[in-house]
Amino acid sequence: MNPAVETLVKGLEGRSPRTAMILGSGLGDLADTVQDAVSIPYEDLPGFPAGNVTGHSRRVVAGTIAEKPIMMLSGRVHYYEQGDAAAMRPVIEALSGIGIENLVLTNAAGSVDTAIEPGSVMQITDHINWSGMNPLMGEETDARFVDLSEVYDRELRSVFRQAADTASIPMAEGIYMWFSGPTFETPAEIRLSQTLGANAVGMSTVPEAILARFYGLRVAGFSVVTNMGAGMHSTTLSHDETKQMAPIGGEKLAKILTQAVSSGAL
């Protein structure tokens, strides 16, 4: 058994959420919307990441939204921090071990689509793994051959589309392209991503989505757009911009999530 499972079960104090959400850079305030909450620091959970990226508070928060159970994980570890695409595997495995069925992944991303501006929310419909890395490298069983023909669950996407419409929150949809980071992409790489059909680029989410499918979880994914890609405007890109802009889209995403949870569909 994953060693974090027992600690999580004890810390949840009888709560049994079916849906968990991993919060990306600058989106940690979403955890503050959870009511009747318990908070468990990552440092208390064996295998959970320490990490060192600002904007990630590193705690598990479980409680309710609209009186429906929910779990939020504020913080992740990225491939570029340790050079390990499977760094989040103990986390996803633990979530599966406590009965989580749906995993909602969020990130702060750069738009490469002029129709999707900073401050927007984009639901991920598919991804492009440009890093060449895979979190299942080294897995010795045939379970490593995971079908990724529908990574982002069609039914969950419909739930969130309905939630966005009900909440009157504009929500784009598109393809997310994973670059390893930690440097931002070059203008040439942005042009490449556009040619390949991406709508947003970022440095996370794809490894977690693959791991979630490996463990049999249904996946939904969202990008909060914080900037346009390199070469698409004259502004210099920075992580400070990411942290400043993420809460704008994060507020919209919080309303969509609240509506989806309150509908009882998650």
Side-chain angles (χ1 to χ4, degrees), residues 1-25 27-78 81-82 84-107 135-136 139 141 143 153 156 204-205 207-222 250 253-254 257-258 260-266:
M1 177 184 291
N2 183 298
V5 169
E6 184 177 353
T7 305
L8 269 175
V9 170
K10 183 178 179 180
L12 289 175
E13 299 177 354
R15 296 168 176 81
S16 54
R18 293 188 304 140
T19 299
M21 184 174 188
I22 296 179
L23 305 179
S25 296
L27 301 175
D29 287 348
L30 285 176
D32 296 332
T33 65
V34 178
Q35 301 171 331
D36 185 32
V38 293
S39 180
I40 308 169
Y42 280 8
E43 62 189 31
D44 293 344
L45 297 165
F48 274 54
N52 58 7
V53 180
T54 57
H56 292 253
S57 64
R58 313 208 178 282
R59 59 186 175 131
V60 174
V61 177
T64 62
I65 288 180
E67 300 184 350
K68 301 295 194 302
I70 190 73
M71 173 184 286
M72 294 194 182
L73 287 79
S74 183
R76 58 160 53 92
V77 65
H78 305 75
E81 294 178 71
Q82 302 176 356
D84 179 8
M88 287 291 285
R89 180 165 179 167
V91 177
I92 309 300
E93 182 181 54
L95 295 180
S96 174
I98 65 169
I100 294 295
E101 300 173 4
N102 308 311
L103 183 62
V104 181
L105 302 171
T106 75
N107 61 60
L136 297 179
E139 168 65 33
T141 71
D153 187 84
L156 289 182
S204 67
T205 301
E208 295 144 47
I210 293 171
L211 287 165
R213 295 304 303 132
F214 175 75
Y215 285 108
L217 307 183
R218 298 199 301 170
V219 179
F222 295 89
L253 181 55
L257 174 68
T258 298
V261 174
S262 65
S263 73
L266 297 178

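From L30, atom CG reaches atom CE of M72 across 5.5 Å, with rounding to the nearest 0.5 Å. Atom CG of L136 and atom CG of L211 lie 5.5 Å apart (nearest 0.5 Å). For the atom pair CE (M71) and CD1 (I22), the distance works out to 11.0 Å, reported to the nearest 0.5 Å. Distance check, rounded to the nearest 0.5 Å: CG of N107 to OG1 of T205 gives 3.5 Å. F222 CZ to M21 CE: the interatomic distance, rounded to the nearest 0.5 Å, is 7.0 Å. To the nearest 0.5 angstrom, I65 atom CD1 is 8.0 Å from Q35 atom CD.
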- request: Test D36 against K68 for salt bridge (charged side-chain N to carboxylate O under 4.0 Å, His left out), laying out the working first.
  value: CA-CA 11 Å; D36 185 32; K68 301 295 194 302; over 6 Å; no
Working for side-chain contact (heavy atoms from CB on, under 4.5 Å), residues L73 and L23: CA-CA 6 Å; L73 287 79; L23 305 179; over 6 Å; no
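Between A62 and V34, the shortest heavy-atom distance links the atoms C-CG1, 4.0 Å. A20 and L95 make their closest contact through CB-CD1, 4.2 Å (heavy atoms, listed as atom of the first residue, atom of the second, distance). Across L8 and V60, no two heavy atoms sit closer than the pair CD2-CG1, 4.2 Å. What you find for V219 and A212 is that their closest heavy atoms are CG2-CB, 3.5 Å. Of all heavy-atom pairs between E81 and R76, the closest is OE2-O, 3.9 Å. Nearest heavy-atom pair across F48 and A94 is CE1-CB, 4.0 Å.
With sequence neighbours excluded, the residues that form a side chain to side chain donor-acceptor pair (under 3.5 Å) with T19 are N102. Annotation: side chain to side chain contact (heavy atoms under 4.5 Å, CB included) contacts of E13 (sequence neighbours excluded): R15, V38. Taking the salt bridge (charged side-chain N to carboxylate O under 4.0 Å, His left out) definition, one finds that D153 meets it with R218, sequence neighbours left out. Every residue two or more places apart in sequence or in another chain was checked for a side chain to side chain donor-acceptor pair (under 3.5 Å) with D44, and none qualifies. Take S262 and apply the side chain to side chain contact (heavy atoms under 4.5 Å, CB included) test, not counting sequence neighbours, and it matches A66, Q259. Scanning for side chain to side chain donor-acceptor pair (under 3.5 Å) contacts around R213 gives an empty result, with sequence neighbours left out. Taking the side chain to side chain donor-acceptor pair (under 3.5 Å) definition, one finds that E139 meets it with R89, T141, sequence neighbours left out. For T7, the side chain to side chain contact (heavy atoms under 4.5 Å, CB included) partners at least two apart in sequence or on another chain are L45, P46. With sequence neighbours left out, S263 forms a side chain to side chain contact (heavy atoms under 4.5 Å, CB included) with A265. Residues that satisfy the salt bridge (charged side-chain N to carboxylate O under 4.0 Å, His left out) test with E43, not counting sequence neighbours, are absent from this structure.
Residue E101 qualifies as enclosed at atom CD: its count of foreign heavy atoms under 6.0 Å is above 12.
Just one of S204, P49, P207 meets the side chain to side chain contact (heavy atoms under 4.5 Å, CB included) condition when paired with V77; it is P49.
Residues I210 and P135 have side chains in contact (heavy-atom distance under 4.5 Å, counting atoms from C-beta outward). Side-chain contact between I70 and L266 is absent, with no heavy-atom pair separated by less than 4.5 Å.
In this structure, the side chain of Y42 engages the main chain of G75 through a donor-acceptor pair within 3.5 Å.
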